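Chain A is the first sequence line, chain B the second, and so forth, proteins listed ahead of strands; every chain is numbered from 1. Since we're looking at a predicted model, the values are computed, not measured.
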Amino acid sequence: MTTVPIGPIHPIFKEPLRIKLVLDGERPIDAEIEMGYVHRGIEKIMEGKHVHKGLYLAERVCGICSYVQSFTFIECVEKISKIEIPEKAKYLRILTCELERIHSHLLIIAMYCLSIEHETLGMWILNSRERIMDLLEMITGNRINTGYNILGGVRKDIDKEMITKIYNVLDKFEDEIKTIREAFETAPLVKLRSRDIGILKYFDIMKTRAVGPVARASGLENSDVRLRYKYYKELKTYKPVSRKEGDNFARNIVRFDEIEICIKMIREVLELYQEVGGPIREKCEIKGGEGENRFEAHRGELTYKMELTNHGFIKRIMIRTPTTMNLAAYRYMLKTCPTVADAVATYVSIDPCISCTEKTLYIVEDGKIKYIW
Amino acid sequence: MIKKFVRKRSIHLCVVNTGGCNGCDVEIVSCLAPRYDIEQYGIYVHNNPREADILVISGPTTLPWIDRVKELYEKVPEPKIVVAVGACALSGGIFKEGHVLGGIEKIIPVDVKIPGCPPRPSEIIEGILKSVHLLAEKEKRLKK
Ligand code: SF4
């Protein structure tokens, strides 16, 4: 039996992580994941800081899903202090969140295409992702780490010109994504490298608590937290998607499906936005207490749990991110990976985000640090 | 003569995330996209330190990386350039109080600095293109 270490620097990984694959011939039978390269102790830095500062730190838990992190953080604070945000701000938040979901999904599908050596499709997807980045920049002022949220609302309003531009770009983007999806579904290379590879069965979800698109591709439709989130209940176009197969192909198709629903949702939200008036931010006061907030990040369920003092200082904060659970599911997927290259592609297909995951320090007996998770 | 020409047109990058928030890495990936297209300048991202000319570093250098970055730096053949991308790599940025070293400059020499959190793809490309001239100069010095 041989072990093959992959990482921490690898052409496909955006982030440093080492996977040790145990091989039997060419077939991977087990994997050991070595982490700790991105542990910065972000929860510890947040403790004792004011909420306004914590907001910027929350954004930098992860750069790809930065808006969702700050969204969940600020909603948690508002839940604790019982602040109602104005209608306009609510729609603007949903709008930005769904735009970011599109960009995150496109990025990971592109990375998956690069990992199965279908570079043309990968580049194509990266190119149409730039349209969405433009919209994000127009609305919030920055491409990544936007700093758009603020206690009691959002920082900036959008005007009529912007709305027409969003509609125009979305129309073009919808056509593009249709062609891309068709290319992805019909390409023989994609079929060869992703169908029936890396299967996660429905019953294995119970063991690993997989969340997000990974769980939805295996048939667990209810894992979408947006179903139970207050803002999304009133949207008519929102409905969760799911597939039964649970292989690499299904995971990516679920993401394509979600992108389509996101586009519809953005249109609906813009219509609702135009009907309401009023300010985008309200004056408010922070009250102490503790509470938690869950939301569906692009990779799965995201939980913020925190305790605040009366003046808005963070006493203790706990962040639970989706990748922790999905990485546990990775070991079950390995059973249906015939080669090392497929194991790498499967790893990319679960959409790992390591900088989200590494927050708590685990010390194992005899004083030796074994896992930093 | 040929080498001089090739040095300008064939540059290999190795991107190392030393514990940043991914923001910078995502922007480096965006540089590959056809809109910015870093390959039109003859710059290829391979992520293999042994054949790299330029080491691109993003992130505040977490503790496990300290030794590894030094090792990596030695693996890169001469002449080599180090480009630090983002506020994190320059000074530790927002994570300065955490379990990080803060600033890659403390352990290896940095030639080009690109500030921003994260810098835009066009700024990253501009920074890398500026460092290409340094590469030729360094080689001249090496010959002497
Ligand atoms: S500089 Fe900013 S965007 Fe870049 S890794 Fe650091 S926190 Fe993230």
Side-chain angles (χ1 to χ4, degrees), chain A residues 8-17 34-46 48-49 53 56-57 59-66 69 103-104 107 110-111 114 119 122-131 133-134 137 142-145 147 353-356 358 361 369 372, chain B residues 13-37 39 44-50 52 55 58-66 68-69 71-72 75 86-88 92-102 116-122:
Chain A
I9 306 170
H10 188 272
I12 296 303
F13 297 177
K14 295 185 298 303
E15 292 158 282
L17 168 97
E34 191 188 310
M35 298 172 98
Y37 294 98
V38 204
H39 174 79
R40 303 151 300 199
I42 197 160
E43 287 169 338
K44 195 77 197 158
I45 310 176
M46 269 190 211
K49 289 223 157 57
K53 280 188 180 173
Y56 293 103
L57 273 161
E59 226 169 35
R60 282 159 182 81
V61 168
C62 169
I64 308 174
C65 45
S66 64
Q69 302 275 356
H103 121 68
S104 166
L107 183 74
M111 292 316 284
L114 292 182
E119 208 176 329
M123 286 301 155
W124 197 359
I125 296 172
L126 276 183
N127 200 27
S128 56
R129 172 177 163 268
E130 288 297 324
R131 288 191 195 279
M133 300 304 283
D134 282 349
E137 189 177 3
N142 203 358
R143 289 163 58 96
I144 287 166
N145 291 344
C353 177
I354 306 305
S355 78
C356 292
E358 302 192 27
L361 203 78
I369 299 171
I372 307 173
Chain B
L13 288 191
C14 176
V15 181
V16 186
N17 175 352
T18 55
C21 81
N22 280 349
C24 289
D25 301 72
V26 174
E27 293 296 56
I28 294 169
V29 170
S30 302
C31 293
L32 294 176
R35 178 184 289 183
Y36 299 103
D37 196 11
E39 295 200 355
Y44 307 98
V45 181
H46 277 299
N47 276 16
N48 184 354
R50 287 196 195 276
L55 203 60
S58 68
T61 324
T62 49
L63 306 180
W65 269 113
I66 295 176
R68 290 205 172 81
V69 165
E71 274 171 33
L72 260 178
K75 272 183 196 170
C88 280
I94 198 160
F95 305 117
K96 210 170 189 174
E97 298 155 43
H99 302 163
V100 296
L101 180 74
C117 182
R120 301 168 58 82
S122 46

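Interface residue A:Arg60: backbone and side-chain heavy atoms are both found under 4.5 Å from chain B. Only the side chain of B:Leu72 has a heavy atom closer than 4.5 Å to any heavy atom of chain A. Contact of A:Leu107 with chain B is made through the side chain alone, with heavy-atom distances under 4.5 Å. Of the two parts of B:Val45, neither the backbone nor the side chain holds a non-hydrogen atom closer than 4.5 Å to a non-hydrogen atom of chain A.
For B:Phe95, there are no ring pair (Phe, Tyr, Trp, His ring centres under 6.0 Å) partners, not counting sequence neighbours. By the ring pair (Phe, Tyr, Trp, His ring centres under 6.0 Å) test, B:Tyr44 pairs with B:His12, sequence neighbours left out.
In the model, B:Arg68 has no side-chain atom that pairs as donor or acceptor with a side-chain atom of B:Thr18 under 3.5 Å.
The candidate with the highest count of non-hydrogen atom pairs below 4.5 Å against chain A, out of B:Pro60, B:Cys24, B:Cys117, B:Gly23, is B:Cys117. Comparing A:Glu137, A:Lys53, A:Lys44 by heavy-atom pairs within less than 4.5 Å of chain B, the highest count is held by A:Glu137.
Between A:Asn142 atom CG and A:Glu59 atom CD the span is 9.0 Å, to the nearest 0.5 Å.
Enclosure of atom CD in A:Glu119 is not indicated, since only 12 or fewer non-hydrogen atoms of other residues, nucleotides or ligands lie within 6.0 angstrom.
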